[in-house]
2 protein chains.
Amino acid sequence: MSDLLERLRGRGWRMTSQRRVVAEVLDGDHVHLTADEVHARAAARLPEISRATVYNTLGELVVLGEVSEVATDGRAKRYDPNGHTPHQHLVCSGCGSIRDVRPTGNLLAGLPQEERFGFTLSAVEVTYRGLCPDCA
Amino acid sequence: MSDLLERLRGRGWRMTSQRRVVAEVLDGDHVHLTADEVHARAAARLPEISRATVYNTLGELVVLGEVSEVATDGRAKRYDPNGHTPHQHLVCSGCGSIRDVRPTGNLLAGLPQEERFGFTLSAVEVTYRGLCPDCA
DNA sequence: TTCTTGACTTGGACTCCGTCCATCGTAGGA
DNA sequence: TCCTACGATGGACGGAGTCCAAGTCAAGAA
Ligand SMILES: [Mn+2]
Ligand SMILES: [Mn+2]
Ligand SMILES: [Zn+2]
Ligand SMILES: [Zn+2]
């Protein structure tokens, strides 16, 4: 994602300091931050950045496929900078921590034709739940 | 779920008209209603029932395992009366409709040991996304 | 370099979903 | 029938996210 800014410029984005800072925050550790966490980290570099702009920018990055949204529960959505490498999530039922995981096999294949009810499948999201070593 | 009321009585539930009505609403079609939809249907039979009571009762039913919560997006949670038969969901990206589906195979088996990071797995949720025949 | 303009940002109001709480009512046992 | 602890009520409250009118500024034009 280091060339994210290039790709955005290539797509005609006006490169503002706000967008740059949000992109840099996501470019750091591959964790799964909430919008407010992104805002807090962005504000550390650019104090006046508004929540609305963080939401706008995250939404744009999602549409562009650079970032994906993860909604594991009824809490705040988390933003996943790992947008280009398909993967699934392992969520701790205790502390809520999230790990990226790569299950084997074709997940779509698990749903037999007669269970598809005429739908055109496009994606599968799998959430594995359990207790992490610390919470066990 | 027709004997739900029996099971609840057996668990020491005080049987109020409110709880009875909420259970009856869920006992109808096996659809996936939001809490407010449950409230609307319950209020058709018992006009004074409050939203708080609907939320309380749904929460209790979830804890008892009679009903499960489904959070497919950032919108309102949906309540699934199909609590005793494990199944997954097929969600239309167009209209948001939800169907119960039963994938084949052991879903937990898809996550190899070295991808479990010491977690003790307890459940897997799979959401298949695509377009329903109407939206395609 | 300066000018111009429409894309972008801002902050606050607003909505939606859900929780909390003080108070009132009642199911069900004595 | 009476008592009382459990449950219901509704209104205040909170978190997450959206919307909007007004102000700002990135970047192309000259
Ligand atoms: Mn991820
Ligand atoms: Mn279901
Ligand atoms: Zn944990
Ligand atoms: Zn549809």
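Fair warning: this is a prediction, and the values are worked out from it, not measured in the lab. The sequence lines fix the lettering, A, B, ..., with proteins before strands; numbering per chain opens at 1.
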**OP:** Give one of base, sugar-phosphate or nothing for A/Arg19, where a contact means two heavy atoms less than 4.0 Å apart.
**Re:** sugar-phosphate
Original post:
Counting only heavy atoms not in A/Arg116, do more than 12 fall under 6.0 Å of its CZ?
Top reply: yes
Original post:
Which comes earlier along DNA chain C counting from the 5' end, the contact point of B/Gly74 or that of B/Ala52, where each point is its nearest nucleotide?
Top reply: B/Gly74
Subject >> Minimum side-chain heavy-atom gap A/Leu90-B/Leu121 below 4.5 Å >> reply: yes
Subject >> d(CG, A/Asp36; P, D/dT18) in whole Å >> reply: 12 Å
Original post:
Considering residues, nucleotides and ligands other than B/Arg129, do more than 12 of their heavy atoms fall under 6.0 Å from its CZ?
Top reply: yes
Original post:
Heavy-atom count around B/Arg102 CZ within 6.0 Å, excluding the residue itself: above 12?
Top reply: yes
Original post:
Do A/Phe119 and B/Val31 belong to the same hydrophobic cluster, where Ile, Leu, Val, Met, Phe, Trp and Tyr are linked whenever their side-chain heavy atoms lie under 4.5 Å apart, directly or via other members?
Top reply: no
Original post:
Going 5' to 3' along nucleotides 24-30 of chain D, which nucleotides have protein heavy atoms under 4.0 Å from the base (write B), which only from the sugar-phosphate (write S), and which from neither (write -)?
Top reply: -BBS---
Original post:
What's the CZ-C1' distance between A/Arg51 and D/dC20, to the nearest Å?
Top reply: 15 Å
Original post:
Starting at CG of B/Leu46 and ending at P of D/dG7, how long is that distance when rounded to a whole Å?
Top reply: 17 Å
Original post:
Can you name the nearest heavy-atom pair linking B/Pro103 to A/Pro112, along with the distance?
Top reply: CA-CD, 4.3 Å
**OP:** Take the protein atom CD of B/Glu60 and the nucleotide atom P of D/dC6, then report the distance between them rounded to whole Å.
**Re:** 13 Å
**OP:** Report the distance from atom OG1 of B/Thr72 to atom CD1 of B/Ile98, rounding to the nearest 0.5 Å.
**Re:** 4.5 Å
**OP:** Compare all side-chain heavy atoms of A/Val126 with those of B/Leu107 and state whether any distance is below 4.5 angstrom.
**Re:** no
Subject >> Min side-chain heavy-atom separation A/Asp27-A/Leu4 under 4.5 Å >> reply: no
Original post:
Of all nucleotides in DNA chain C with an atom under 4.0 Å from a non-hydrogen atom of chain A, which is the first and which the last going 5' to 3'?
Top reply: C/dG6 to C/dG11
**OP:** Can you tell me the distance, in whole Å, between the CG atom of A/Leu58 and the P atom of D/dG17?
**Re:** 10 Å
Subject >> Spacing of A/Tyr55 atom OH relative to D/dG17 atom P, expressed in whole Å >> reply: 4 Å
